[in-house]
Amino acid sequence: MSAPKAISPYRLSSLLRRQKDPNLALQLFQNPNPQIQSPEPQKPFRHSLLSYDIIITKLGRAKMFDQMDQILSQLKEETRFVPREIIFCNVISFYGRARLPDRALKLFDEMPAFRCRRTVKSYNSVMDTLLKCSDFEKMREFFAGFESKVTPDACTYNILINACCKRGCLDDAWNVFDEMRRKRVRPNAVTFGTLVHGLCANSKLEEALNLKEDMLRVYEVKPDASVYASLMKELSRAGELSLTLGLKEEMEREGIKLDSGVYTTLISANFKVGRKEEAFRILEEMRVSGCKPDTVTYNAMIHGLCMEKDFEAACKMLDQIGEQGCKPDIISYNIIIGGLCKEGKWVEANDLFEDLPRRGCKRDVLSYRTIFDGLCGCKRFKEAALILDEMVFKGYAPSALSAQKLVGELCREGNMEELLWKVLTVLGNANLIDVNSWGLVISKACKKGMVSNVCELVDTLIVQ
DNA sequence: ATAGGGTTAG
């Protein structure tokens with residue numbers, strides 16, 4: 001009988017790459033040869049650097065940070081090789097996406113202990129992480145210590161420009177742009193994509209359109225699909241459908257390939273003016289031209305169909321996403337739940353909401369807010385209170401306006417005192433009662449001779 | 001997989 005053959009590090013990395021489940025991938029990494037049970041203690045498996053890359057990325061994507069950190073400390077002890085800088089960049093941005101800036105900074109500080117030299121790429125990753133966490137002050141601080149260590153590149157300036165745009169400081173964005181050019185760093189397509197989007201998001205449509213013209217003429221950078229998608233979205237928002245379609249023609253004329261982002265914008269733009277058939281035609285045109293619709297595209301379709309109150313077609317679209325090899329995401333469901341509520345179909349909306357875990361979709365804060373607002377809108381206060389309790393328990397908060405509205409409605413209703421106290425207790429425990437609500441509640445209590453109830457509530461809350 | 005766009009709510 002031949003003993004099972006030990007797996008090679010090379011083969012292991014290929015198995016890891018194919019394993020979609022991060023937990024199973026981790027098991028495989030930690031125990032590559034489960035079938036071999038030798039009496040002597042096994043030597044630790046000599047993982048390849050590629051296997052480290054793959055497992056760290058998989059764990060980071062799955063937000064399994066404790067497990068990821070454990071693999072990182074194992075990597076730190078490896079003396080056979082020097083980890084590539086890009087691994088750290090990726091981990092730093094995983095922390096950024098998860099809003100864990102301190103862990104990102106900690107890893108950045110530890111990089112030398114991994115024998116890895118930090119170039120401008122790692123610095124950029126930290127900058128972008130701080131931006132994603134909206135910590136502009138720390139960003140400024142970090143950038144101040146930048147130039148003594150590394151030379152900022154186009155990516156650095158693009159992140160800075162993006163930060164200015166996100167804060168609505170367009171003048172600052174232009175200053176960074178000028179600074180970049182003074183330092184002889186050439187702006188690229190991302191620079192202009194960021195600026196155009198920033199201008200559009202700050203309602204400077206004219207300036208954005210002019211910049212698109214200047215891109216080629218002055219800066220010799222060809223506008224790409226990103227630039228067009230931002231412009232088309234803003235034009236459509238401004239009610240300029242013909243200018244939106246004009247930009248589509250311009251792309252075709254200039255030989256700029258339309259991508260799924262541009263098609264998605266066009267689908268939304270058409271639904272916005274009630275052109276449902278045209279939206280379907282664009283979806284078809286997209287397929288014919290070899291551009292695969294993605295989940296975002298389908299979500300635009302679902303949203304359009306919900307606006308048309310065609311929930312049957314919207315749900316059919318949900319099935320189609322799966323058939324196309326994509327899968328519906330939480331936004332797909334939130335759109336339908338919100339649409340159903342708006343039409344008073346709260347039972348269907350609630351059923352879909354309850355069904356999300358079974359469908360493999362994690363409910364996010366907007367799912368809760370949508371169903372909560374929807375139930376309140378349908379005057380299903382009891383059901384809304386149940387959702388409120390669950391969402392606060394999960395650490396999510398309703399929008400301040402919604403919470404205030406519910407308290408207001410319950411105060412107005414004649415026989416809802418019991419529910420009102422329940423809602424106030426839940427909101428109070430999470431410190432979500434605003435001044436206006438207090439006013440309403442107190443005046444209601446005075447009318448009803450329930451002052452002692454309110455005092456009791458205030459006492460409980462003050463104790464905390 | 002160091003940086004930009006297109007889908008929900010407000």
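So you know, we letter chains A, B, ... as the sequences are listed, proteins then strands, and number each from 1.
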Rounded to the nearest Å, what distance is computed from the CE atom of residue A:Met232 to the P atom of nucleotide B:dG4?
-> 21 Å
Could you tell me which residues satisfy salt bridge (charged side-chain N to carboxylate O under 4.0 Å, His left out) with A:Asp224, sequence neighbours excluded, listed by chain and number?
-> none
With sequence neighbours left out, write down each residue that passes ring pair (Phe, Tyr, Trp, His ring centres under 6.0 Å) with A:His47, or none if nothing qualifies.
-> A:Phe29, A:Phe45, A:Tyr52
Taking atom C1' in both B:dT7 and B:dA3, compute the distance separating them and give it to the nearest angstrom.
-> 22 Å
Check DNA chain B against residues 105-112 of chain A and give the residues with a non-hydrogen atom under 4.0 Å, in numerical order.
-> none
What string of B, S and - do you get for nucleotides 5-10 of chain B, 5' to 3', when a contact is any protein heavy atom under 4.0 Å?
-> BBBBB-
With sequence neighbours excluded, residues passing ring pair (Phe, Tyr, Trp, His ring centres under 6.0 Å) with A:Tyr396 = A:Tyr368
Residue pairs meeting side chain to side chain donor-acceptor pair (under 3.5 Å), one or both in residues 11-21 of chain A, sequence neighbours left out, come to none
Side chain A:Asp224 and base B:dG4 donor-acceptor under 3.5 Å = yes
Among all residues two or more places apart in sequence or in another chain, which pass the side-chain hydrogen bond (donor to acceptor under 3.5 Å, both in side chains) test with A:Asp319?
-> none
In residues 118-134 of chain A, what residues come within less than 4.0 Å of DNA chain B, judged by heavy atoms?
-> A:Lys121, A:Asn124, A:Ser125, A:Asp128
Take the protein atom CZ of A:Phe177 and the nucleotide atom C1' of B:dG4, then report the distance between them rounded to whole Å.
-> 14 Å
Residue set satisfying side-chain hydrogen bond (donor to acceptor under 3.5 Å, both in side chains) with A:Ser230, at least two apart, ordered chain then number -> none
Using atom types as modelled and distance alone, determine if a side-chain donor or acceptor of A:Asp128 lies under 3.5 Å from a backbone N or O of A:Leu131.
-> no
Which residue pairs satisfy the side chain to side chain donor-acceptor pair (under 3.5 Å) criterion with at least one member in residues 297-310 of chain A, sequence neighbours excluded?
-> A:Thr264-A:Thr297, A:Lys276-A:Asp310, A:Arg287-A:Tyr298, A:Asp294-A:Thr297, A:Asn299-A:Asp329, A:Asn299-A:Ser332
Sorted by chain and number, sequence neighbours left out, ring pair (Phe, Tyr, Trp, His ring centres under 6.0 Å) with A:Phe136 holds for none
Heavy atoms under 4.0 Å, any strand shown: does A:Cys89 hit a base, just sugar-phosphate, or nothing?
-> sugar-phosphate
When all nucleic acid strands are considered with a 4.0 Å heavy-atom cut-off, which category describes A:Asp53: base, sugar-phosphate, or nothing?
-> nothing
With sequence neighbours left out, what residues match A:Tyr95 under ring pair (Phe, Tyr, Trp, His ring centres under 6.0 Å)?
-> A:Phe65
Backbone of A:Asp364 reached by a side-chain donor or acceptor of A:Arg369 within 3.5 Å | no
